[in-house]
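Here's the structure we're looking at; comments come further down.
For clarity, every value in this text was computed on a predicted model and none was experimentally measured. Count residues from 1 along the sequence.
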Amino acid sequence: MTDMSLPIKAAVINRLVSDVAVTTLVPESRIFSMQPPTQPSLPFIRYGTPIVSSYGDTCGNGSEVGVTLDLFSSDENEIQHIAAALVASLEVLLAPFRLIRCDWDRTQFLQLDQDTWQATVQFTLVATT
């Protein structure tokens with residue numbers, strides 16, 4: 001089987017930074033891979049740690065990748081708008097590989113402290129070579 005987690009991560013991040021609906025809410029410079037800088041300015045998006053399993057069909061082999069996008073904001077309404085923009089953005093994910101599916105699984109909102117909200121938006125992507 002082929003681990004597609006790196007090309008999927010690149011495709012997701014490229015989609016988010018090129019989507020005006022997303023970058024209007026979160027500047028491109030605040031959309032990060034798995035390791036953002038220390039204490040980034042709010043709001044920001046972090047590509048979370050993926051969960052990868054094998055996938056194969058008659059047309060190729062690849063991976064099923066559980067993708068988590070973590071959002072951070074100081075405003076509960078802003079974070080809900082950002083989460084909705086991410087879901088809409090990944091509905092039209094284009095990639096340089098065979099994308100079998102990109103399903104939005106769930107979104108969870110948490111208040112971390114008096115000044116910080118977090119949302120976790122989870123997707124399942126299946127891709128083959």
Do you know the tightest heavy-atom contact between [X] and [Y]?
X    : Y    : answer
A127 : I8   : CB-CD1, 3.9 Å
I82  : P43  : CD1-CB, 3.8 Å
S89  : R15  : O-NE, 2.9 Å
Q122 : W104 : O-CD1, 3.5 Å
L16  : L86  : CD2-CD2, 3.4 Å
I13  : S33  : CD1-CA, 3.8 Å

Decide yes or no on salt bridge (Lys or Arg N to Asp or Glu O under 4.0 Å) for R101 and E64, but give the supporting numbers first.
-> CA-CA 9 Å; R101 72 176 205 262; E64 178 177 288; 3.5 Å; yes
Can you hop from [X] to [Y] via hydrophobic side chains spaced under 4.5 Å?
X   : Y   : value
V87 : Y47 : yes
L42 : I45 : no
V12 : F72 : no

Checking I100, L90, L99 against L125 for side chain to side chain contact (heavy atoms under 4.5 Å, CB included), the one that qualifies is L99
How far does CZ of F123 sit from CG of L69, to the nearest 0.5 angstrom?
-> 5.5 Å
Taken in chain and number order and not counting sequence neighbours, the residues that satisfy ring pair (Phe, Tyr, Trp, His ring centres under 6.0 Å) with F32 are F44
Those residues at least two apart in sequence (or on a different chain) that pass side chain to side chain donor-acceptor pair (under 3.5 Å) with D115 are none
